[in-house]
2 protein chains.
Amino acid sequence: MVDVKRVEPRLPLTRDRVLRAAISVADDGGIGALTMRRLAEVLGAEAMSLYHHVANKEEVLDGIVEVITSEINELVERIDLPAEGAAWKKAVRARILTAREVFLRHPWATRVFESRTGSNPAVLRYNDGLIGLMRAGGFTHDQIHHALHALGSRAMGFSQELFDPGTGPVTDEALAALTELAETFPHLVAMLLEVAHDDPASTLSWCDDQTEFEFGLDLILDGLDRLRGRS
Amino acid sequence: MVDVKRVEPRLPLTRDRVLRAAISVADDGGIGALTMRRLAEVLGAEAMSLYHHVANKEEVLDGIVEVITSEINELVERIDLPAEGAAWKKAVRARILTAREVFLRHPWATRVFESRTGSNPAVLRYNDGLIGLMRAGGFTHDQIHHALHALGSRAMGFSQELFDPGTGPVTDEALAALTELAETFPHLVAMLLEVAHDDPASTLSWCDDQTEFEFGLDLILDGLDRLRGRS
DNA sequence: ACCTGAACACCGTTCAAGT
DNA sequence: ACCTGAACACCGTTCAAGT
């Protein structure tokens with residue numbers, strides 16, 4: 001239980017090392033495990049030493065957003081796809097799905113990103129890239145502005161689900177429990193039962209996150225494409 | 001500073017009174033102000049007394065979602081619009097924009113909703129209603145399932161923005177600071193400058209939340225409408 | 001300059017004791 | 001049954017003191 005793992009016995013602390021350790025702590029134990037004390041422990045230092053490199057915990061969280069977005073930027077800027085005219089959609093889609101891969105490796109990070117809309121150089125850079133692609137596609141600045149709002153967090157590769165039947169397996173117990181709710185929520189139960197039945201792989205899980213993400217993304221991108229060149 | 005306001009001097013505590021007090025505390029001071037101790041204070045009791053009516057703070061947050069969603073349900077179920085065929089869109093749109101009004105009164109609540117996807121009877125009921133409308137419109141269960149994922153939190157009337165130039169006024173200082181960033185983020189700065197210039201009311205704010213929400217919502221609803229009746 | 005021990009002002013929650 | 005005071009095990013953060 002007392003798993004005191006120090007990254008390095010005695011490397012000097014730096015802002016960058018603090019931030020990377022913070023990401024690693026959250027990767028291991030979720031965002032709840034990220035406390036200043038635990039962070040210091042992983043770095044082989046005392047909690048109070050961290051304050052010489054970051055102003056406070058808020059700055060640690062801001063820094064996490066910065067580091068992760070920089071990682072995304074490195075990946076997406078390596079993508080070499082044409083974006084002129086109709087090609088914009090493929091280029092934007094590739095960027096967004098690449099960004100998504102980073103979040104799949106840091107599932108806890110989406111919540112951190114949502115909690116701080118404050119502008120961050122790396123996030124600005126990511127958006128600047130997207131805007132450039134859409135300009136090449138022929139959109140007006142006004143259209144792009146609307147588009148970014150419409151995409152919301154999808155522009156960075158993740159979406160916040162409020163309605164989630166769960167990604168766990170569709171057990172017989174779950175199906176039975178569902179059937180009991182049929183009178184109270186007839187439409188919902190009918191839908192879920194049919195979704196579970198239709199999908200031959202439904203024994204795996206209720207919803208395929210990636211499929212649903214791409215469906216929503218394409219719905220929006222296709223809708224935007226229809227506005228292109230108009231007005 | 002010591003503003004000890006008790007809702008009622010000596011009413012017996014109930015789960016419902018605790019939850020409504022919790023909403024009122026958050027309305028006044030944001031979600032950060034909602035502590036068990038502060039909540040008890042408002043109710044004229046000790047923090048420990050709350051635990052006779054709720055298991056823990058998690059249950060308080062779950063209860064908040066329940067109470068707010070019930071308020072939404074009462075409002076949307078009073079809407080009497082036809083949903084058959086092409087009329088589905090207007091009906092769904094009206095429900096979602098009505099739900100949105102409730103969140104505009106409790107801006108802190110969106111974060112609470114996002115943090116707990118666990119099924120809640122009131123949330124299930126809200127979704128059941130939406131599904132019913134879309135069935136009337138002629139969608140398959142499978143299409144509706146995709147649609148709910150695509151809408152995400154928009155189905156309940158709010159959207160999580162990652163890119164937000166701010167809703168504050170467009171000051172000369174902000175414009176000057178923006179111009180300095182032009183070299184680093186050329187596309188972003190060009191877009192923001194044009195958005196600020198184009199809008200005659202831009203002296204008010206960068207983005208109109210309601211306009212952007214409706215743009216994104218209509219983009220998705222229109223996209224869904226095109227799928228209706230197919231496959 | 002960088003790091004630290006002790007302490008402060010908070011949390012949520014437990015527990016034994018009150019009415 | 002419902003409520004409470006004192007206490008526990010945590011937080012983030014400050015401060016004076018060490019090297």
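We name chains A, B, ... by the order of the sequence lines, and we start the count at 1 in each one.
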pair_partner(dA7(C)), Watson-Crick or wobble, both distances < 3.5 Å, evaluates to dT13(D)
When the ring planes of H146(B) and F215(A) are compared, do they come out parallel, tilted or perpendicular, using 30° and 60° as the limits? parallel
Q.
Looking only at the side chain of N56(B) (C-beta and beyond, no hydrogens), which of the listed nucleotides dC3(C), dG5(C), dT13(C) gets closest?
A.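 In terms of side-chain proximity for N56(B), the closest of dC3(C), dG5(C), dT13(C) is dT13(C).
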Picking from dG5(D), dG12(C), dT14(D), the nucleotide nearest the side-chain atoms of M48(B) would be dG5(D)
In whole Å, I'd like the distance from the [atom1] atom of [X] to the [atom2] atom of [N].
X      : N       : atom1 : atom2 : value
L50(A) : dT4(C)  : CG    : C1'   : 12 Å
Y51(A) : dC2(C)  : OH    : P     : 18 Å
M36(A) : dC10(D) : CE    : P     : 18 Å
L39(A) : dT13(D) : CG    : C1'   : 14 Å
E46(B) : dT4(D)  : CD    : P     : 5 Å
E41(B) : dT4(D)  : CD    : P     : 13 Å
H53(B) : dC2(D)  : NE2   : P     : 6 Å
R38(B) : dG12(C) : CZ    : P     : 13 Å

Residues R111(A), E114(A): salt bridge by 4.0 Å N-O rule
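Salt bridge flag = no for E114(A) with R111(A).
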**Prompt:** Under 4.0 Å between a Lys/Arg side-chain N and an Asp/Glu carboxylate O for R93(B) and E214(B)?
**Reply:**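 So R93(B) pairs with E214(B) through a salt bridge.
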Closer than 4.0 Å, any side-chain N/O of S49(A) to the OP1 or OP2 of dC2(C)?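 S49(A) to dC2(C) OP1/OP2: no side-chain N or O under 4.0 Å.
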*Tell me which of R37(B) and H52(A) sits closer to the 5' end of DNA chain D, going by the nucleotide each one is nearest to.*
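Nearest nucleotide further toward 5': that of R37(B).
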Next item on the list: Run the numbers on H141(B) and H145(B) for side-chain hydrogen bond (donor to acceptor under 3.5 Å, both in side chains), then give the verdict.
Entry: CA-CA 6 Å; H141(B) 280 134; H145(B) 181 227; over 6 Å; no
Could you pick out which residue, L34(B) or L13(A), lies toward the 5' side of DNA chain C when each is mapped onto its nearest nucleotide?
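The residue closer to the strand's 5' end, by nearest nucleotide, is L13(A).
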**Asked** What is the nucleic acid contact for T35(A), judged by heavy atoms within less than 4.0 Å: base, sugar-phosphate only, or nothing?
**Response**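 Sugar-phosphate: the residue T35(A), judged by heavy atoms under 4.0 Å, touches backbone atoms but no base.
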Exercise for the section: Tell me, yes or no, whether the heavy-atom count around R116(B) atom CZ, taken from other residues, nucleotides or ligands under 6.0 Å, exceeds 12. Expected result: yes
